[in-house]
K.L.:
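What follows is a single structure, and I will ask about it in a moment.
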Amino acid sequence: MAYDDPIVNEVRKARELILEKCQGDMDRFFKFIREEENKNPERLTKPAVVKKSMQKVSL
């Protein structure tokens, strides 16, 4: 049984619309995404800074 999340559904619908616009071509899809990111850099999250001591994990 899958959980029905409206935000996930909205993201999936947006992805499908963009893919349709790009005629299913993944190269065009990612080019479009990168262009949109460059238009709105303030809306992107920044990667978290990881302390060197936190990078090593013992198993």
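Keep in mind that the numbers below use all heavy atoms, side chains included, and drop hydrogens, waters and symmetry copies.
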K.L.:
Which donor-acceptor pairs under 3.5 Å do side chains of residues 30-41 form with protein atoms, sequence neighbours excluded?
P.N.:
| residue | atom | partner | partner atom | Å |
| --- | --- | --- | --- | --- |
| E36 | OE2 | K39 | NZ | 3.0 |
| N38 | ND2 | R34 | O | 3.3 |
| N40 | ND2 | E36 | O | 3.3 |

K.L.:
Evaluate the side-chain proximity of K21 to F29: yes if any heavy-atom separation is below 4.5 Å, no if none is.
P.N.:
no
K.L.:
Please examine the side chains of E16 and L19, heavy atoms only from C-beta on, and report whether any two atoms are closer than 4.5 Å.
P.N.:
yes
K.L.:
If hydrophobic residues (ILVMFWY) are linked whenever their side-chain heavy atoms come closer than 4.5 Å, directly or via other members, who joins V8 in its cluster?
P.N.:
none
K.L.:
Working to the nearest 0.5 Å, report the span between CG of D5 and CD of E10.
P.N.:
10.0 Å
K.L.:
Got more than 12 heavy atoms from elsewhere within 6.0 Å of CZ, R28?
P.N.:
yes
K.L.:
Count the heavy atoms of every other residue, nucleotide or ligand shown that sit under 6.0 Å from CG of L17, and state whether that count exceeds 12.
P.N.:
yes
